[in-house]
There are 2 protein chains.
Amino acid sequence: MNLPPIVQSFVLHFGEMGSRWGIARTVGQIYAVLFVSAEPLCADDLVDRLGISRSNVSIGLKELQSWNLVRLRHVPGDRREFFSTPDDVWAILRTLVQERKKREVDPTLSVLRDLLLQSPQSDAEAHAQARMRDMLAPMELLTKWYDDVERLETERLIQLLGLGATIVKALDAKDRLFALPGRKAAAKTS
Amino acid sequence: MNLPPIVQSFVLHFGEMGSRWGIARTVGQIYAVLFVSAEPLCADDLVDRLGISRSNVSIGLKELQSWNLVRLRHVPGDRREFFSTPDDVWAILRTLVQERKKREVDPTLSVLRDLLLQSPQSDAEAHAQARMRDMLAPMELLTKWYDDVERLETERLIQLLGLGATIVKALDAKDRLFALPGRKAAAKTS
DNA sequence: CCGTGTTTTCAATCATTTCTGAAAATTCGG
DNA sequence: CCGAATTTTCAGAAATGATTGAAAACACGG
């Protein structure tokens with residue numbers, strides 16, 4: 001590995017993290033190198049810095065492209081392809097979440113919905129379906145929330161996150177104030 | 001595999017998902033079986049239903065316990081250990097996020113902070129540090145948000161999520177109305 | 001304590017994934 | 001079109017991670 005020490009630590013850490021999240025170690029490393037690089041890099045730069053094979057870099061870059069995590073640049077008068085990451089970390093985060101949702105959450109939602117349409121042939125199956133319903137509800141609420149938040153401009157998103165739980169505290173106060181006699185509102189007064 | 005068809009589909013899907021998230025396939029399957037089961041199961045039940053070795057089940061259960069994802073029960077007059085998942089899916093989700101944060105996010109934050117304390121020996125390192133600072137900021141905001149939200153009762157959390165981006169829209173309107181020249185003031189009005 | 005039923009450990013095996021080198025395909029300036 | 005520079009593909013090697021069976025450790029009722 002041919003990198004200055006600070007960068008190398010960063011790159012090794014992200015390789016490690018990547019592999020814990022189901023991303024090949026070298027793909028994580030490639031991304032880390034691109035992320036901290038001052039200018040776009042070509043495949044051979046990566047071979048050079050990471051000490052991995054050219055073909056591995058090629059595959060890794062393809063993988064990163066399929067995740068939309070990497071931008072491709074062409075330098076005039078140079079035939080090579082150069083790669084970089086977006087400058088905006090929020091944009092990167094959004095892409096990451098979006099892709100992950102597309103690949104894992106959405107298919108899970110459709111499996112659950114599909115299995116809930118089938119008629120249970122036993123008590124065990126009926127109970128299993130009840131549990132799946134329990135699981136579906138939070139997932140649907142979360143994806144709905146995400147769909148909502150995803151559209152926000154970054155400035156607004158930051159604002160919303162900065163607010164944290166304060167809004168709910170306000171609601172809480174309001175609930176108490178009006179003491180709704182209805183259902184499960186204000187149930188916990190301990 | 002000795003499971004009714006609906007359950008089997010569910011279990012296979014979660015095994016698959018697990019392995020995409022860096023969890024062994026069988027660990028995901030064990031969790032799925034426990035999740036949909038009407039009563040707690042012992043290790044041999046799992047061997048039976050999943051058709052995997054006893055030792056694999058033992059390792060899987062230990063793994064799930066280390067993630068706090070599984071409750072251990074003792075049936076009086078029976079020497080075996082029985083396992084179940086919490087009934088409340090929100091509780092499960094919280095645990096999952098919490099553990100994941102502890103294992104991956106927190107260490108990453110400290111690596112970043114640590115690397116930012118070192119003095120750069122080159123322009124490349126200085127630029128890399130600037131990028132790390134770019135990365136640190138959103139991560140800190142997100143973890144702060146999470147710390148805040150984590151403490152909410154489930155009822156409140158659901159409320160907050162249901163609100164989605166509407167709060168920000170209100171802020172937006174208010175900002176426009178008062179056309180504040182300053183920064184992010186006016187956050188706390190109650 | 002003894003014996004039985006149960007869980008855990010661990011070295012070995014098996015499976016999967018990652019990585020490589022060499023060859024094929026592609027691209028573009030001339 | 002040609003040929004050099006570059007990228008992609010792919011079959012096999014290497015590495016990693018998962019799974020197993022057998023044996024050890026444990027725990028409890030008698």
Side-chain angles (χ1 to χ4, degrees), chain A residues 1-2 11-12 14-34 40-67 70-84 103-104, chain B residues 1-2 11-12 14-34 40-67 70-84 103-104:
Chain A
M1 229 178 237
N2 189 11
V11 165
L12 289 176
F14 271 79
E16 212 45 60
M17 282 305 117
S19 72
R20 289 217 204 174
W21 284 79
I23 287 156
R25 203 186 315 280
T26 45
V27 175
Q29 294 179 349
I30 290 171
Y31 198 76
V33 169
L34 291 177
L41 301 177
C42 73
D44 282 316
D45 294 334
L46 291 162
V47 168
D48 196 49
R49 285 166 211 220
L50 291 171
I52 61 181
S53 76
R54 183 53 236 265
S55 51
N56 200 357
V57 168
S58 178
I59 290 165
L61 286 170
K62 239 185 60 174
E63 171 89 355
L64 288 172
Q65 281 177 282
S66 87
W67 281 78
V70 116
R71 309 234 163 291
L72 193 135
R73 304 285 190 81
H74 274 109
V75 172
D78 192 325
R79 232 199 265 162
R80 291 171 297 175
E81 296 186 304
F82 288 81
F83 296 87
S84 64
R103 289 161 195 240
E104 279 113 31
Chain B
M1 229 178 236
N2 188 13
V11 165
L12 289 175
F14 270 80
E16 212 46 58
M17 282 304 119
S19 72
R20 289 218 205 174
W21 285 78
I23 288 155
R25 203 186 314 281
T26 45
V27 175
Q29 294 179 350
I30 290 171
Y31 197 77
V33 169
L34 291 177
L41 301 177
C42 72
D44 282 317
D45 293 334
L46 291 162
V47 168
D48 196 50
R49 285 167 211 219
L50 291 171
I52 61 180
S53 75
R54 184 52 235 266
S55 51
N56 201 355
V57 168
S58 179
I59 291 165
L61 286 170
K62 237 185 58 173
E63 171 90 356
L64 288 172
Q65 282 177 279
S66 87
W67 282 79
V70 115
R71 309 233 162 291
L72 193 135
R73 305 284 190 84
H74 274 109
V75 173
D78 192 324
R79 235 199 266 161
R80 291 171 297 175
E81 296 186 305
F82 288 80
F83 296 87
S84 64
R103 289 161 196 241
E104 279 113 32

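Each chain gets a letter, A, B and so on, in the order its sequence line appears, and its residues count up from 1.
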Between [X] and [N], does any side-chain N or O lie under 4.0 Å from OP1 or OP2?
{"X": "A:Arg54", "N": "C:dG21", "answer": "no"}
{"X": "B:Arg79", "N": "C:dT6", "answer": "no"}
{"X": "B:Lys62", "N": "C:dT9", "answer": "yes"}
{"X": "B:Ser55", "N": "D:dG21", "answer": "no"}
{"X": "B:Thr26", "N": "D:dT19", "answer": "yes"}

Whole Å only: how far is the [atom1] atom of [X] from the [atom2] atom of [N]?
{"X": "B:His74", "N": "D:dC28", "atom1": "NE2", "atom2": "C1'", "answer": "11 Å"}
{"X": "A:Ile23", "N": "D:dT16", "atom1": "CD1", "atom2": "C1'", "answer": "17 Å"}
{"X": "A:Phe83", "N": "D:dT8", "atom1": "CZ", "atom2": "P", "answer": "7 Å"}
{"X": "A:Glu16", "N": "D:dT16", "atom1": "CD", "atom2": "C1'", "answer": "12 Å"}
{"X": "A:Ile59", "N": "C:dT18", "atom1": "CD1", "atom2": "C1'", "answer": "9 Å"}
{"X": "A:Arg20", "N": "D:dT16", "atom1": "CZ", "atom2": "C1'", "answer": "15 Å"}
{"X": "B:Asn56", "N": "C:dC14", "atom1": "CG", "atom2": "C1'", "answer": "12 Å"}
{"X": "A:Asp45", "N": "D:dT7", "atom1": "CG", "atom2": "C1'", "answer": "15 Å"}

Are any non-hydrogen side-chain atoms of [X] and [Y] less than 4.5 angstrom apart?
{"X": "A:Phe82", "Y": "A:Leu41", "value": "no"}
{"X": "A:Glu63", "Y": "A:Tyr31", "value": "no"}
{"X": "A:Thr26", "Y": "A:Leu50", "value": "no"}
{"X": "B:Val11", "Y": "B:Arg49", "value": "no"}

Decide, yes or no, whether a salt bridge links B:Glu16 with B:Arg25 under the criterion of side-chain N to carboxylate O below 4.0 Å.
yes
Taking for A:Arg25 and for A:Ala43 the nucleotide of DNA chain D with the nearest heavy atom, the one nearer the 5' end belongs to A:Ala43
Assert: residue with more 5' nearest nucleotide on DNA chain D, out of A:Asp78 and A:Ser19, is A:Asp78
Donor-acceptor pair present, A:Ser53 side chain and C:dG21 base, under 3.5 Å: no
Comparing A:Ile52 with B:Leu61, nearest DNA chain C nucleotide closer to 5' gives the residue B:Leu61
